[in-house]
Protein chains: 2
Amino acid sequence: MLSGLLPVLGVVLMLFSVTMLVPLGFSWVLQDGALAAHASAAGLTLGAGLLMWLAGRRHRRELRARDGFLLVALVWMLLPAAGTLPLLLQLPDLSFTDAYFEAVSGLTTTGSTVLTGLERLPVSLNVWRCLMVLVGGLGIIVLAVAVLPLLGVGGSQLYKAESAGPMKDEKLTPRMAETARGLWGVYAVTAAVCCVAYHLAGMSWVDAFLHMCSTMGLGGFSSYDASFGAFDSPAIEAVAILFMTMAGINFALYFVAVRRRSLAVVWRDVEARVYLLVMAVSVAVVTLFLMAHRVYPDGLTALRHAAFNVVSIATTTGFASVDYAQWPIFAPALMLVLCAFATCAGSTGGGIKLIRSLLLLKQAQRELVRIVHPRAVVPVTLGGRLVPAQVLASVIAYMLAYGAVNLVASFVLMASGLDLVTSVTAVIASVNNTGPGLGQVGPAGNYQGLTDLQTWVCTVCMLLGRLEILSLLVLLTPQFWRR
Amino acid sequence: MLSGLLPVLGVVLMLFSVTMLVPLGFSWVLQDGALAAHASAAGLTLGAGLLMWLAGRRHRRELRARDGFLLVALVWMLLPAAGTLPLLLQLPDLSFTDAYFEAVSGLTTTGSTVLTGLERLPVSLNVWRCLMVLVGGLGIIVLAVAVLPLLGVGGSQLYKAESAGPMKDEKLTPRMAETARGLWGVYAVTAAVCCVAYHLAGMSWVDAFLHMCSTMGLGGFSSYDASFGAFDSPAIEAVAILFMTMAGINFALYFVAVRRRSLAVVWRDVEARVYLLVMAVSVAVVTLFLMAHRVYPDGLTALRHAAFNVVSIATTTGFASVDYAQWPIFAPALMLVLCAFATCAGSTGGGIKLIRSLLLLKQAQRELVRIVHPRAVVPVTLGGRLVPAQVLASVIAYMLAYGAVNLVASFVLMASGLDLVTSVTAVIASVNNTGPGLGQVGPAGNYQGLTDLQTWVCTVCMLLGRLEILSLLVLLTPQFWRR
Ligand SMILES: [K+]
Ligand SMILES: [K+]
């Protein structure tokens with residue numbers, strides 16, 4: 001089974017080595033002393049990819065659906081390994097555990113960090129960390145829109161149905177490669193605009209590039225320990241809020257919107273509409289709550305900090321402009337719950353995805369009606385479309401696996417000695433690819449203080465969350481490996 | 001709609017007033033000075049019941065399924081109101097909010113208390129508190145086995161299918177009243193044996209009676225602030241463990257076992273078997289954990305305290321023999337999670353019920369197989385029986401409502417100023433009818449320090465949890481009230 005995948009993995013590694021030229025370029029221009037590390041990393045990755053391609057070339061065969069699961073898992077485990085190289089080569093004190101955590105955190109667009117003193121790192125290392133978020137974000141969009149629906153994981157068929165609806169009218173070629181290319185175009189253009197907007201709002205070009213990467217991927221890496229607190233600029237925060245919100249919407253919708261030259265497509269999408277509503281209401285609620293508790297001297301300041309930090313956490317980005325863990329607990333707890341539900345499928349955000357939550361709500365509502373009218377036939381619909389029973393069953397299985405992973409991982413962290421709040425929120429922040437939790441891993445702390453075991457638990461959680469859990473769990477079933 | 005229910009409610013109130021003769025008798029014999037309170041309470045309750053019966057007599061009509069929901073809700077809101085009378089009449093400083101909380105806590109067999117100095121209360125008041133647990137426990141068994149399956153709430157049809165399976169062979173009359181009578185017999189005999197066993201283990205007859213009530217109802221009220229810590233007796237704890245474990249199993253099984261004169265019925269039941277396994281494994285895990293952390297000087301002491309407190313919380317009883325909140329957090333957190341899952345349907349325990357959890361696990365497992373073999377037809381079975389899709393859908397709706405109630409209530413408590421751990425665990429302990437949470441409401445604390453709003457939130461949670469959530473939520477749908 002594996003040998004057939006080797007050439008594909010080799011190509012992916014070789015492509016990945018090309019992205020390493022970006023930090024290498026930065027290092028060259030800025031003379032930050034990390035040139036050798038980037039060059040070696042790129043060379044090693046290219047070499048490894050080439051070897052795999054050569055070794056597997058003879059076994060080349062048509063890939064089947066089942067290979068998809070293994071391929072997705074291997075790509076998301078192998079790329080972080082390559083991603084550690086620039087970090088390990090430049091920072092001799094960094095352990096492989098921590099470097100792998102950092103790379104997984106980037107490529108899964110989580111944005112948790114085990115590093116401190118980010119300002120003192122060679123700039124090109126921060127470029128590499130953030131670039132992994134940008135690359136990971138694109139990978140995830142393609143995964144969610146083009147790959148997972150084919151594999152039928154956790155109701156993701158529904159995303160396809162939903163987004164393929166309008167897209168079919170436009171004769172979007174259904175093949176994976178072409179879908180990927182279309183998404184890539186939209187993503188690249190939005191990223192460029194975001195970078196320019198950050199610069200116009202006052203960031204240096206380098207900072208603009210770095211934070212554009214983290215914003216587009218909803219990853220939350222920064223080149224400052226204080227994250228957006230380092231800028232203290234309402235204009236920069238406004239740009240961030242705009243692009244975080246945009247990146248939390250299904251990119252397939254933008255693709256269609258561009259073709260049709262009309263944003264109505266986005267607004268007509270149920271999920272996107274509810275998403276915007278959830279964001280607006282959450283910001284309003286937290287603002288009022290902060291005002292009621294007189295956390296800030298005036299309403300405008302409360303609105304400013306609520307808007308930035310709520311959108312940042314709810315979209316699973318993880319930037320912070322203030323230490324919101326100091327707010328009365330209702331607010332940060334609400335933000336953490338939002339990160340589990342609020343983003344749209346096909347975005348770079350993490351979590352359960354809004355469409356799944358909507359579906360489950362509809363299902364519960366139907367059941368209430370059925371209790372009163374046991375013989376009534378009440379179909380579950382979403383956006384006027386009937387939801388097949390099979391999709392509902394998949395979503396439910398996904399939710400169960402999601403709950404089980406959160407529970408088990410939290411208990412492992414507790415057993416390893418972490419306190420209740422840190423354990424539970426570290427797992428939530430990792431599984432939902434958000435980044436900061438509360439307690440020891442709050443916005444003012446980070447993941448540096450964890451033991452190796454604890455770090456690995458969070459690493460596995462980030463991967464599980466990013467790959468929609470079931471597509472990894474399925475690899476553990478005997479049925480998968482039977483011919 | 002309401003007028004048709006009045007005579008039924010009146011009869012229930014009159015029957016309830018009869019149970020008030022028990023504490024009255026205790027007060028008479030023990031001369032504890034609360035005689036007037038009990039007599040007035042019984043008289044008022046009888047009078048109110050009589051009035052309702054008289055007022056509604058003319059509107060008497062056949063009750064339909066939909067009346068069932070309203071009746072169940074009204075009974076469980078009205079009886080606590082009557083239950084407050086002995087407390088309010090004897091304790092002039094007690095507010096109605098607190099008295100209602102205490103009565104709901106008793107009748108829902110939760111066992112949370114807002115009272116301290118229990119040793120200084122008139123004994124008959126403690127008798128009344130504990131008796132409410134015993135009465136509530138019987139009510140809940142009848143509700144779960146005979147009423148909810150008819151109403152089709154949250155997959156409870158399945159309990160019926162499961163327990164009606166063996167029972168049908170025995171020609172158990174399916175009518176509610178006869179089922180209730182059979183269960184009542186089993187319950188009464190077990191209670192008598194439990195009382196004698198507590199006395200033989202060293203309790204006074206009064207203590208034996210009080211704690212028998214709390215044990216059978218899995219309620220957890222005690223006449224000592226220190227709960228079972230006041231006895232510090234391994235023999236008494238062993239009796240408690242035995243009867244708590246027994247009360248956590250579906251009473252319909254005992255009923256069949258008595259008829260067949262064989263306990264094999266219990267062991268053949270999937271849910272009961274998994275339940276016993278979960279208890280054994282949990283006790284073993286916590287014992288080993290306590291030993292590894294050297295919480296107690298030797299393994300036997302660790303086993304003793306783990307066995308008692310784990311079984312107490314996992315069965316949703318809520319007795320404590322030590323302040324287990326001082327154990328490393330892994331253990332108490334695990335115990336709280338168990339209380340949400342571990343008890344059997346048709347027992348006096350609270351929570352989601354093991355059968356629902358098993359069903360969901362099977363559903364998730366099936367989905368993993370389906371991902372690998374998309375065209376395979378894999379039915380969900382439990383104990384060799386096929387589970388209808390409708391039952392699965394009901395269970396899922398129940399789980400969603402359960403999750404939503406926990407979330408919303410936790411956030412209300414947080415917004416009201418409680419800390420994260422207290423808020424979340426108070427809600428878990430209330431919704432699952434367990435009693436002690438962690439933080440401020442931990443085994444060494446109680447619910448006395450809560451504000452009125454916070455107390456009402458917990459009261460509503462106890463009622464929602466006890467009535468399987470959906471059967472209360474359905475009253476909020478417009479469909480229910482439409483003719
Ligand atoms: K993210
Ligand atoms: K209970």
Side-chain angles (χ1 to χ4, degrees), chain A residues 65-66 69 151-154 289 328-334 337 360-361 363-374 376 389-390 392-394 396-401 403-404 407 410-421 423-425 438 470-471 473-474 476-477 479-480 482, chain B residues 65-66 69 151-154 289 328-334 337 360-361 363-374 376 389-390 392-394 396-401 403-404 407 410-421 423-425 438 470-471 473-474 476-477 479-480 482:
Chain A
R66 217 187 285 188
F69 292 101
L151 302 181
V153 171
F289 183 80
I329 188 67
F330 171 84
L334 178 67
V337 168
L360 291 172
L361 276 182
Q363 158 74 12
Q365 206 180 2
R366 171 175 78 160
E367 198 54 27
L368 279 178
V369 174
R370 208 203 48 80
I371 289 177
V372 182
H373 300 294
Q390 181 51 60
L392 275 175
S394 301
I396 285 148
Y398 170 82
M399 293 297 298
L400 291 172
L407 260 187
S410 298
F411 275 104
V412 174
L413 289 188
M414 279 188 257
S416 77
L418 285 180
D419 66 276
L420 183 60
V421 171
S423 301
V424 172
T425 60
L438 294 171
L470 293 179
S471 59
L473 285 189
V474 77
L476 303 179
T477 62
Q479 281 87 357
F480 183 84
R482 237 174 261 151
Chain B
R66 218 188 284 188
F69 292 101
L151 302 180
V153 170
F289 183 79
I329 189 66
F330 171 83
L334 177 67
V337 168
L360 291 173
L361 275 182
Q363 158 73 14
Q365 206 181 1
R366 172 176 75 160
E367 199 53 28
L368 278 178
V369 174
R370 206 203 48 80
I371 289 177
V372 183
H373 300 295
Q390 181 50 59
L392 274 175
S394 302
I396 284 147
Y398 170 82
M399 294 296 298
L400 291 173
L407 258 187
S410 297
F411 274 103
V412 175
L413 290 188
M414 277 188 258
S416 76
L418 285 181
D419 67 277
L420 183 60
V421 170
S423 301
V424 172
T425 61
L438 295 172
L470 292 179
S471 59
L473 285 189
V474 79
L476 303 179
T477 62
Q479 281 87 357
F480 183 84
R482 237 172 261 152

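The shown structure was predicted, so the numbers you read here are calculated from the model rather than taken from an experiment. Quick note: numbers below take in every heavy atom, side chains included, and nothing from hydrogens, waters or symmetry partners. Order of the sequence lines fixes the chain letters, A, B, ..., with proteins taken first and strands second; residue numbering starts at 1 for each chain.
Neither the backbone nor the side chain of B:A401 has a heavy atom closer than 4.5 Å to any heavy atom of chain A. Only the side chain of A:V421 has a heavy atom closer than 4.5 Å to any heavy atom of chain B. Heavy atoms closer than 4.5 Å to chain B are found in both the backbone and the side chain of A:L473. The part of B:L407 that comes within reach of chain A is its side chain, from C-beta onward, which places non-hydrogen atoms under 4.5 angstrom from that chain. At a 4.5 Å heavy-atom cutoff, the contact between B:L400 and chain A is made by side-chain atoms alone. Of the two parts of A:A333, the backbone and the side chain both hold a non-hydrogen atom closer than 4.5 Å to a non-hydrogen atom of chain B. Proximity to chain B involves both the backbone and the side chain of A:L368, based on heavy atoms less than 4.5 angstrom apart. Residue A:L413: no heavy atom, backbone or side chain, is found under 4.5 Å from chain B.
Here the closest non-hydrogen pair linking B:V474 and B:S471 is CG1-O, 3.4 Å. Nearest heavy-atom pair, A:A397 versus B:A364, reported as atom, atom and distance to 0.1 Å: CB-CA, 4.0 Å. The shortest heavy-atom contact between A:S410 and A:S423 is O-CB, 3.7 Å. A pairwise comparison of heavy atoms in A:F289 and A:P328 identifies CE2-CB, 3.5 Å as the closest pair.
Per-residue heavy-atom pair counts under 4.5 Å with chain B were compared for A:V369, A:L361, A:I396, A:L438, and the maximum is reached by A:I396. Per-residue counts of heavy-atom pairs under 4.5 Å with chain A were compared for B:L420, B:L476, B:V412; the largest is that of B:L420.
For A:T477, there are no side-chain hydrogen bond (donor to acceptor under 3.5 Å, both in side chains) partners two or more places apart in sequence or in a different chain. A search for ring-ring contact (aromatic ring centres under 6.0 Å, His included) contacts involving B:F411 returns A:F330, not counting sequence neighbours.
A:I371 has its side chain within reach of B:F69: a pair of non-hydrogen atoms, C-beta onward, lies under 4.5 Å apart.
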